[in-house]
Participant: 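Here you go, one structure.
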Amino acid sequence: MIYFALLILVIISYLFYFVGKKRALNLKFNGNIKLSSQPDYFGYYVVLMALIPALLMWFGLLLFKGNFQEMFVMSPILFPDISTWSDGKLGLILNKLNNLSVIVNLPLDDLTNGEKSILNMASENELTAAKKLANFDKIYGWSNLTLFIIFPIILGFLATRSISGKLNAQPIVEKIITYIIKGSSYIAILITIGIFLSLVFEAINFFRYVNPVDFFFSTGWNPNRAFVVDASEGFDKDDLENAFGFIPLLTGTLLIATVAMIVAIPLGLMSAIYLAEYASKRVRDIAKPIIEILAGIPTVVYGFFAALSLAPFIKDVGESVGLPVSAESALAAGLAMGVMIIPFVSSLSDDVIKAVPQSLRDGSYALGATRSETIKKVILPAALAGIMGSFLLAVSRAIGETMIVVMAASLRANLTFNPLEPATTITTQIVTSLIGDVEFDNPKTLVAFALGLTLFLMTLLLNILAITIVKKYREKYE
Amino acid sequence: MNSLNKRLSAEKRFQAYGLFAVALSMFFVLILMWKIFSTGSGAFVRTTIEANVFFNPDFIQVNQNSLEKELYRASYVALADEVVRQNHPKLNEEQFIKVREMYTRKFDYQLRDYLLDNPDKIGQSIIMKITASSDLDQIVKGNYPRDVPEAQRKINDYQLSVLDKLTSEGKVSSVFNFWFFTKGDSRDPESAGIWGAVMGSLYALIICFSFAFPIGLLASVYLEEFVKPGKVTDIIEVNINNLAAVPSIVFGLLGLGMLIGVIGLPYQVPLVGGLVLGFMTLPTIIIASRASLRSVPPSIREGALAVGATKMQTVFHHVIPLSLPGTLTGTIIGMAQALGETAPLLMIGMVAFVMEIPGGPLDPATGLPSQIYLWSESAERGFLEKTSAGIMLLLLFLIIMNTAAVVIRRRLEVKW
Amino acid sequence: MVEQVNSFAIKTKNVSVHYGNKMAIDDVTINFTKNDVTSLIGPSGCGKSTFLRCLNRMNDVIESCKVQGEFLLNGVTDIYGDSIQVETLREKIGMVFQKPNPFPKSIFENVAYGPKIHGLASTQSELNDIVMESLNRAGLYEEVKDRMDDIATGLSGGQQQRLCIARAIAIRPEIILMDEPCSALDPIATARIEELINELKEKYTIIIVTHSMSQASRISQRTAFFHLGKLIEHGDTSKIFTKPDKEQTNDYITGRFG
């Protein structure tokens with residue numbers, strides 16, 4: 001229905017554009033009135049006048065639908081103890097009523113057995129509330145439709161009537177459109193602020209349970225300790241002391257990222273050098289897109305591959321030479337991540353290498369240096385800053401990568417630097433703590449936001465550093 | 001001379017390293033593809049067992065005159081059991097349970113769906129290809145070894161003997177697995193389909209596009225055409241570049257904390273998933289769109305201004321239409337990335353077990369990549385090939401989108 | 001006296017233009033007579049194009065450009081006045097650029113665009129008439145009448161430039177500014193445009209910037225010589241090219257510098 005209404009809205013605004021323009025042209029040609037704006041603008045004027053209030057109100061209704069619903073349905077007459085309910089319970093009941101409201105007005109014959117039993121289990125008050133809710137939904141639907149069709153038509157009509165020689169539509173229209181496009185460009189900033197606020201807000205909640213010093217410096221990670229306690233009864237400080245220690249997650253993340261970089265940097269950099277300096281055009285045209293494919297493969301695929309093939313393979317190889325290898329070794333996850341990052345490193349390095357001016361190369365060749373000598377002694381040193389920048393970007397990418405480690409790394413924290421042992425990462429723990437019941441009053445859930453905040457700041461720092469380095473480098477050769 | 005030889009062999013070594021790096025990277029692509037195709041191809045066929053089905057009205061309590069509604073709601077479980085008993089006569093109760101296990105648990109649905117299409121068959125006998133259970137399917141496909149001790153097998157010796165008998169009678173066959181493309185998720189691998197996840201991803205992408213495309217386009221228009229370069233643009237520019245490098249899981253946390261936690265949008269729905277993916281795609285679109293706007297030559301703007309077009313008309317009538325192919329290319333590439341993103345979907349709950357195919361962006365759903373993740377975490381062997389097949393489908397969509405992007409760039413982009 | 005005022009299409013007084021701190025035009029005063037072709041000549045970088053773009057405020061787009069002085073359209077309307085809408089002004093003063101810049105749309109759309117946005121036609125057939133008449137006047141109609149829906153960028157350079165002229169006259173301007181309109185064209189196309197300019201002066205006042213002195217002498221009635229941002233000399237073309245008052249002008253037209 002909403003799609004239908006949107007479609008009608010589009011049609012209405014299209015029509016209003018012509019109505020407004022037509023009226024302006026009529027005034028000009030038949031009424032001999034000099035217009036103060038181009039006729040186009042009268043069309044836009046009518047459309048904007050008709051649409052904007054309707055869209056704003058629709059958005060408001062949508063935003064407050066839940067509140068209206070509650071006001072309408074959740075009266076203390078039907079639910080006397082409503083004031084004592086927690087938000088969670090309120091949500092559950094509302095959900096139940098929503099399900100009920102769909103079936104409560106249907107004839108009994110049309111119901112499945114499951115639906116019948118839902119009806120039978122509901123109390124009398126709940127049924128009354130569900131009926132009210134069904135009514136509300138009906139009214140809501142109709143008011144939406146009114147808003148979408150009748151309201152814009154009236155406003156558009158009024159706006160059309162207001163067109164005269166005196167009305168200067170252009171500045172009004174331009175002002176509104178400027179606001180809209182200006183607003184659009186601020187949305188990127190809003191998103192960043194939104195990320196920051198939502199992370200900080202919930203992280204602060206987390207730090208109400210857990211001392212930040214404990215979090216950042218303790219080495220024990222056992223979030224399940226917080227699980228055994230009922231949240232409403234509060235937490236035993238001792239239980240939480242060694243439950244949320246960030247250190248093993250950090251070491252695990254760095255361990256896996258290091259393995260990944262050990263794979264990705266030489267392979268990525270050497271591929272970039274080979275393709276840029278040695279390969280014939282034909283080889284380049286074939287090899288480059290194939291390597292780029294690695295970048296296009298979703299990370300869930302790498303994770304699947306790492307868990308299914310790579311980890312058992314590494315375990316078998318390790319055991320055949322007498323090394324004890326875990327089935328969830330950091331090595332497997334790191335290798336898969338390294339492969340994923342190869343094209344990232346190679347395309348960034350490629351840009352950097354190409355930015356080195358030809359004159360430097362020519363100078364080196366003129367001295368009789370071979371290609372590899374030129375690359376090693378001239379190009380790479382010249383491109384060093386840029387390449388370091390791209391490595392930093394790759395590291396930031398590795399730290400933030402989620403699916404590969406969720407699927408192939410361990411869930412258990414392990415303070416180790418041995419890649420053959422299992423290790424867990426920040427992102428893995430964020431996912432683990434949020435899968436299943438999400439309760440915002442439990443440190444086991446909230447820790448995800450504290451971890452997220454740390455991760456966000458870490459990657460942000462790396463990115464800013466990398467972008468600054470690369471920018472400086474670019475300026476050097478421009 | 002000696003030192004020159006040394007230098008030349010160093011040169012050769014260096015070149016060989018480079019070639020090795022390129023070859024190894026390409027080898028990784030091949031091995032990934034090979035692994036996925038070899039494990040996934042099985043999912044496109046399913047094993048069936050031919051059986052004689054008598055639609056006995058007594059077992060389903062319907063008759064020739066029953067309405068479609070009644071046919072739909074009747075229970076076919078007893079009929080399914082009866083079909084098994086009739087096709088395998090003289091079974092004791094223990095044997096019956098074992099034989100029944102060889103057929104899919106969704107046997108009754110298959111009967112129902114058939115009858116809904118052919119209501120005139122009530123009271124008649126037909127030959128039907130009944131889907132086998134996943135464990136049997138895996139044995140037939142050779143994914144489970146037969147020559148291991150019985151205790152390690154999901155299919156015991158008795159079931160194997162029945163299978164062999166059925167095979168020798170020519171009753172076991174493989175058919176194309178339409179279910180995989182038409183059904184939602186299921187606890188039983190043989191009846192699990194990807195369509196629910198595809199629709200979930202589709203709704204999420206529609207939301208993602210409706211959010212990110214107009215806003216990304218307008219934002220880049222503002223930055224390129226309307227505002228003087230200065231502090232504000234610098235801040236927005238740095239912001240966009242950083243946003244492009246924020247880990248996807250952090251966007252997921254934004255969705256959970258802000259959209260679900262503060263604004264109160266529902267959990268598990270494509271609306272939230274799409275918005276989060278839209279946030280992620282926005283920087284990509286803005287960057288592509290700005291580059292595209294910049295490539296429209298100033299002479300076009302001058303031409304429009306000179307005939308008395310306003311700045312706004314110049315931009316909306318001429319500059320934007322000319323930059324659109326570039327913007328669209330960037331958008332499609334961004335959306336292809338979004339389609340493959342899994343972590344944000346995990347954060348906002350689009351990883352639950354959802355059987356129903358979502359009918360809109362407000363229905364609980366999984367996405368294509370999160371469905372792949374769900375299946376990959378599943379212990380049953382039958383889901384392994386589903387996982388790989390899901391990946392194949394996902395890759396297919398990505399290939400289509402990227403090809404579309406290339407085609408748009410080649411065909412529509414105006415060269416100056 | 002009254003007639004004298006009205007015989008000028010544009011009057012300018014003490015015009016100075018700065019790009020940032022750099023001076024591009026230094027205290028230029030010049031009046032353009034109606035229905036004449038006036039050529040602005042001078043060595044590259046002398047400010048003739050800058051001056052031309054001041055006349056229809058195309059310099060407004062350039063951030064650092066500051067224009068001072070008096071500009072009067074038809075002797076009364078202040079071109080840079082607060083009450084003037086720049087779009088309406090450009091409706092009266094059309095412009096053709098150095099490189100042909102048709103919109104990558106159909107030939108019809110290129111010419112129709114101006115009349116459309118200014119609302120010059122009340123019906124589609126009126127619009128068709130305007131387009132046809134403009135193309136006709138630009139001497140292009142016969143060549144393109146069978147392919148009005150073809151994309152304009154497919155035309156030859158000379159045709160494109162005539163299309164741009166048609167686009168400019170479609171909004172019924174009084175004055176047409178031309179910024180080296182033939183510099184990107186071959187001699188045949190150039191001859192065609194010159195012919196056209198000669199026809200157009202019956203209806204329009206034309207101000208043309210050209211780097212070719214022979215072109216200036218062929219097509220214009222009045223010529224203004226610019227050098228280093230200053231107006232050196234302005235007068236009848238025949239006089240400027242035969243016995244100029246200033247030595248600098250003489251040096252330039254005889255090829256001693258520039």
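Please read these numbers as outputs of a predicted model, since none were measured by experiment. Just so we're on the same page: letters track the sequence lines, and every chain starts at 1.
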Participant: Looking at A:Glu202, A:Lys288, A:Arg371, A:Arg397, which has the largest count of heavy-atom pairs under 4.5 Å with chain B?
Facilitator: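 Answer, by heavy-atom pair count under 4.5 Å with chain B: A:Arg371.
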Participant: For the CZ atom on A:Phe344, are there more than 12 heavy atoms of other groups (residues, nucleotides or ligands in this structure) within a distance under 6.0 Å?
Facilitator: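 Counting other residues, nucleotides and ligands, CZ of A:Phe344 exceeds 12 neighbours.
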Participant: Just give me the residue among B:Pro266, B:Ser388, B:Ser370, B:Ala352 that pairs up with chain A most often, heavy atom to heavy atom, under 4.5 Å.
Facilitator: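 The candidate making the most pairs under 4.5 Å is B:Ser388.
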Participant: Which atoms of B:Leu19 are under 4.5 Å from chain A, going by heavy atoms: the side chain, the backbone, both sets, or neither?
Facilitator: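 Interface part for B:Leu19: both.
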Participant: For chain B, which candidate among A:Tyr186, A:Tyr41, A:Phe196 shows the most heavy-atom pairs at distances under 4.5 Å?
Facilitator: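 Ranked by contacts with chain B, first place is A:Tyr41.
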Participant: Please examine the side chains of A:Val406 and A:Thr427, heavy atoms only from C-beta on, and report whether any two atoms are closer than 4.5 Å.
Facilitator: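 SC-SC contact between A:Thr427 and A:Val406 ruled out.
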Participant: Which atoms of B:Ile36 come close to chain A, meaning under 4.5 Å heavy atom to heavy atom: side chain ones, backbone ones, both, or neither?
Facilitator: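 The side chain, not the backbone.
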Participant: Donor-acceptor check, side chain of A:Glu373 to backbone of A:Thr370, threshold 3.5 angstrom: yes or no?
Facilitator: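 Yes.
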Participant: Out of A:Gly400, A:Ser372, A:Pro266, return the one with the most heavy atom pairs under 4.5 angstrom to chain B.
Facilitator: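 So the answer, after comparing A:Gly400, A:Ser372, A:Pro266, is A:Ser372.
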Participant: Please identify, among A:Ile189, A:Leu269, A:Thr178, A:Leu453, the residue contributing the most non-hydrogen atom pairs under 4.5 Å to chain B.
Facilitator: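 Top option by heavy-atom pairs under 4.5 Å: A:Ile189.
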Participant: Between B:Glu237 and B:Arg290, is there a side-chain N and carboxylate O pair less than 4.0 Å apart?
Facilitator: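 B:Arg290 and B:Glu237: salt-bridged.
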Participant: Could you tell me which of A:Glu401, A:Met403, A:Glu277 has the largest number of non-hydrogen atom pairs under 4.5 Å with chain B?
Facilitator: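 Most pairs with chain B among the choices: A:Met403.
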Participant: Does any heavy atom of chain A fall under 4.5 Å from the side chain of B:Pro361, the backbone, both, or neither of them?
Facilitator: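 Its backbone and side chain both get close to chain A.
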Participant: Is a side-chain N or O of A:Gln38 found less than 3.5 angstrom from the main chain of B:Thr310, in a donor-acceptor match?
Facilitator: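 Judged by distance alone, no pair lies under 3.5 Å.
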Participant: With only heavy atoms counted, which part of A:Leu267 is less than 4.5 Å from chain B, the side chain, the backbone, both or neither?
Facilitator: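 Backbone plus side chain of A:Leu267, per the 4.5 Å heavy-atom cut-off to chain B.
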Participant: Does NZ or CZ of B:Lys35 fall inside the cone over A:Phe305's six-membered ring, less than 6.0 Å from its centre and within 45° of the axis?
Facilitator: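 Geometry flag: not set, cation outside 6.0 Å or 45°.
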Participant: Under a 4.5 Å heavy-atom cut-off, does chain A meet the side chain of B:Val262, its backbone, both or neither?
Facilitator: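 Neither the backbone nor the side chain of B:Val262 comes within 4.5 Å of chain A.
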Participant: Tell me, out of A:Thr459, A:Ile191, A:Ile187, who's got the most heavy-atom pairs with chain B below 4.5 Å.
Facilitator: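 Going by pairs under 4.5 Å, I would pick A:Ile191.
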Participant: Can you check whether B:Met280 reaches B:Pro344 side chain to side chain, under 4.5 Å on heavy atoms?
Facilitator: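 In short, these two side chains touch, coming nearer than 4.5 Å.
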Participant: Testing the 3.5 Å rule here: is there a donor-acceptor pair between the side chains of B:Ser289 and B:Ser220?
Facilitator: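 Per modelled atom types, B:Ser289 and B:Ser220 side chains form a pair under 3.5 Å.
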